[in-house]
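Here's the structure we're looking at; comments come further down.
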Amino acid sequence: MRLATVSAGGEKICAAVLNDDRLLNLSKAAHRLTDPAAEALKANSMLLLIAGPPETLDIARSLVADAEAGVLDAAILPEGAELLAPIPNIRKNVLCVGRNYAEHITEGDRAQKQQVGVTEYPVFFTKPPTSIVGPGGDVLTFPSVSTQTDYEVELAVIIGAPGRNIAKADAMKHVFGYTILNDISARDVQRRHGGQNFKGKAFDGSCPMGPWIVTADAIDDPHALPISLTVNGEIRQNGNTADMIFDIETLIASLSEGMTLEPGDIIATGTPAGVGYAMDPPSFLKDGDTVVCNISGIGTLTNPVRAV
């Protein structure tokens with residue numbers, strides 16, 4: 001099932017995406033239901049839907065089936081609704097993983113004339129809520145601050161069930177679904193702050209996400225998804241999530257050590273090779289560019305680049 005947050009009539013609406021891409025207003029579709037689990041749908045919030053009891057998704061699937069059969073036409077949103085980031089107002093920073101694809105590590109080490117290689121443990125950093133932008137939203141560049149704005153397509157994991165000190169064997173039970181994330185990075189800012197990742201990856205508009213969340217049951221194997229990115233139609237990244245060094249189970253177990261993961265938390269799992277700074281010569285994003293991210297089984301995330 002595909003779940004989206006959209007803007008229609010000046011309101012943010014939590015919707016299910018039907019097979020023909022029509023949008024079902026879940027709050028409106030569920031308004032007559034009395035099951036307590038339906039309250040998370042009536043609340044019209046992706047965060048509350050994610051945090052709802054397991055039965056919430058069962059009810060949503062039933063409503064989608066009814067809508068596909070033509071029973072809930074009154075709850076279908078009119079054409080023209082704008083897709084927003086699936087979780088437009090996140091409660092805490094996006095949790096990000098660096099250096100999680102071997103070829104990306106190799107290209108980075110070569111470009112920076114260093115030899116770090118694969119680390120023993122995952123490398124983590126975060127992106128703030130102000131970095132989030134939805135499908136079609138502007139990736140912002142700030143020429144007075146950075147001249148090296150780069151891209152990184154990533155599979156993002158959405159946490160559903162809370163937990164701390166989660167065992168690897170139980171990790172996938174905590175996954176609600178998946179979306180696409182583009183970890184926009186100001187490489188020169190990243191370097192001048194000692195090589196740490198936060199500042200160079202925290203600019204406004206530096207975290208495009210979407211176009212929707214695909215629930216975990218709809219992805220047979222998240223570690224077998226072709227993942228790619230183009231800039232102005234030119235293929236730059238072309239990999240597969242099978243090439244992750246640290247798999248999703250490991251990332252969840254490691255992140256949750258002594259730290260509670262909560263419903264709606266977002267984990268960006270790293271990027272394959274092909275980033276702009278490692279090209280010869282380097283090629284960075286500029287005003288007017290269009291970046292398209294694609295992950296098989298999820299969809300396509302498209303964003304223009306705008307200098308401010």
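Below, each value reflects all heavy atoms present in this structure, side chains not excepted, and no hydrogens, waters or symmetry copies. Positions are given from 1 along the sequence.
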For Ala85 and Pro135, which heavy atoms make the closest approach, and how far apart are they? N-CD, 3.9 Å
Would you name the heavy atoms of Pro208 and Val139 that are closest together and state the gap between them? CG-CG2, 3.6 Å
pair [X]-[Y]: side-chain heavy atoms closer than 4.5 Å:
{"X": "Lys12", "Y": "Asn44", "value": "no"}
{"X": "Leu47", "Y": "Asn89", "value": "no"}
{"X": "Arg187", "Y": "Val275", "value": "yes"}
{"X": "Ile213", "Y": "Ile50", "value": "yes"}
{"X": "Trp212", "Y": "Leu23", "value": "no"}
{"X": "Phe203", "Y": "Val189", "value": "yes"}
{"X": "Phe176", "Y": "Leu57", "value": "yes"}
{"X": "Gln190", "Y": "Tyr277", "value": "no"}

Decide, yes or no, whether a salt bridge links Asp58 with Arg61 under the criterion of side-chain N to carboxylate O below 4.0 Å. yes
Is it true that Arg2 and Asp21 make a salt bridge, defined as a side-chain N closer than 4.0 Å to a carboxylate O?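 Looking at Asp21 together with Arg2, the answer is yes, because their closest N to O distance falls below 4.0 Å.
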CE on Met209 to OG1 on Thr5, rounded to 0.5 Å: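 The OG1 atom of Thr5 sits 9.0 Å away from the CE atom of Met209.
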Separation of Glu39 CD from Leu49 CG (nearest 0.5 Å): 12.5 Å
Under a 4.5 Å side-chain heavy-atom rule over Ile, Leu, Val, Met, Phe, Trp and Tyr, are Val123 and Leu261 clustered together?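 Cluster IDs for Val123 and Leu261 differ.
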Consider only side-chain heavy atoms of I, L, V, M, F, W and Y, link residues closer than 4.5 Å, and tell whether Val133 and Val291 are in one cluster.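 No, it is not one cluster - the side chains of Val133 and Val291 are not joined through contacts under 4.5 Å.
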Side chains of Asp150 and Ser185: any donor to acceptor distance under 3.5 Å? no
For Asn294 and Thr300, which I'm curious about, is there any donor-acceptor pair between the side chains at under 3.5 Å? yes
Out of Asp289, Asp204, Asp138, which one pairs with Arg306 under the salt bridge (Lys or Arg N to Asp or Glu O under 4.0 Å) rule? Asp138
